[in-house]
Amino acid sequence: QVQLVESGGGLVQAGGSLRLSCAASGSIFSIRGMGWYRQASGKQRELVAVITSGGSTNYPDSVKGRFAISRDNAKNTVYLQMNSLKPEDTAVYYCNADIHPLGLGYTRSYWGQGTQVTVSS
């Protein structure tokens with residue numbers, strides 16, 4: 001069974017930094033794209049950052065220049081470094097990964113349980 005476990009959320013003042021981690025575990029053959037999404041209260045889930053297996057990254061304008069996604073393929077882990085945080089960054093942050101489970105003939109999308117990030121003004 002494959003699962004994603006996130007860590008690193010919390011409360012921070014505006015202008016501060018946080019680093020989120022998400023580790024994939026279980027029977028994994030390979031991991032393709034990995035990413036972070038967030039969902040603020042009363043809003044739809046939105047993309048924050050994505051990274052391909054080769055290391056190419058993409059960000060929406062709202063976080064570009066402030067957030068950085070990276071991954072350690074040996075550890076099946078993806079990170080999100082968040083700098084210059086703003087109150088509007090407050091949300092539950094979810095990890096996502098496209099994983100090919102061992103012994104199965106397809107890739108599917110997996111989600112973490114979410115971690116709360118709160119930025120105070």
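Ser53 is listed as a side-chain neighbour of Arg71, based on a closest heavy-atom distance under 4.5 Å. The shortest distance between side-chain heavy atoms of Pro101 and Ser27 does not fall below 4.5 Å. Using a 4.5 Å heavy-atom cutoff, the side chains of Asn96 and Tyr37 are in contact. Side-chain contact between Val78 and Ile51 is present, with heavy atoms from C-beta onward closer than 4.5 Å. Between Asn76 and Ser25 there is no side-chain heavy-atom pair separated by less than 4.5 Å. Counting only heavy atoms from C-beta outward, the side chains of Ile28 and Val2 approach each other to under 4.5 Å. Taking 4.5 Å as the limit, some side-chain heavy atom of Leu80 sits within range of a side-chain heavy atom of Tyr93. Annotation: side chain of Trp111 is in contact with side chain of Arg45 (closest heavy-atom distance under 4.5 Å).
Hydrophobic clustering keeps Tyr59 apart from Tyr94 (ILVMFWY residues linked when any side-chain heavy atoms are closer than 4.5 Å, directly or through intermediates). A continuous path of hydrophobic side-chain contacts links Val119 to Leu18 [ILVMFWY only; heavy atoms under 4.5 Å]. In the hydrophobic clustering of ILVMFWY residues, with side-chain heavy atoms under 4.5 Å counting as a link, Leu85 and Val48 come out together.
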Let's go through Phe67 and Trp36 carefully: what are the C-alpha distance in whole Å and the side-chain angles of both, what is the deciding distance for ring pair (Phe, Tyr, Trp, His ring centres under 6.0 Å) to 0.1 Å, and is it a yes or a no?
CA-CA 11 Å; Phe67 290 10; Trp36 291 93; over 10 Å; no
Start with the C-alpha gap between Met82 and Val117, add the side-chain angles, then the distance that decides, and say whether side chain to side chain contact (heavy atoms under 4.5 Å, CB included) holds.
CA-CA 10 Å; Met82 304 185 292; Val117 171; 3.9 Å; yes
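At distances below 3.5 Å, not a single donor-acceptor pair connects side-chain atoms of Arg38 with backbone N or O atoms of Thr90. Asp98 places no side-chain N or O within 3.5 Å of a backbone atom of Met34 that could act as its donor or acceptor partner. With hydrogens and angles disregarded, no donor-acceptor distance shorter than 3.5 Å links the side chain of Gln81 to the backbone of Ala68.
The pair Lys86-Asp89 does not meet the salt-bridge criterion, since no charged nitrogen lies less than 4.0 angstrom from a carboxylate oxygen.
Remark: Lys64 NZ is packed, more than 12 non-hydrogen atoms of other residues, nucleotides or ligands lying under 6.0 Å away.
Closest of all the heavy-atom pairs between Ile99 and Ile31 is CG1-CG1, 3.9 Å.
With Tyr106 as the aromatic partner, Arg108 does not meet the cation-pi criteria of under 6.0 angstrom to the ring centre and within 45 degrees of the ring axis.
At a cut-off of 3.5 Å, with distance as the only test, no side-chain donor of Thr77 or Asp72 sits close to an acceptor on the other residue.
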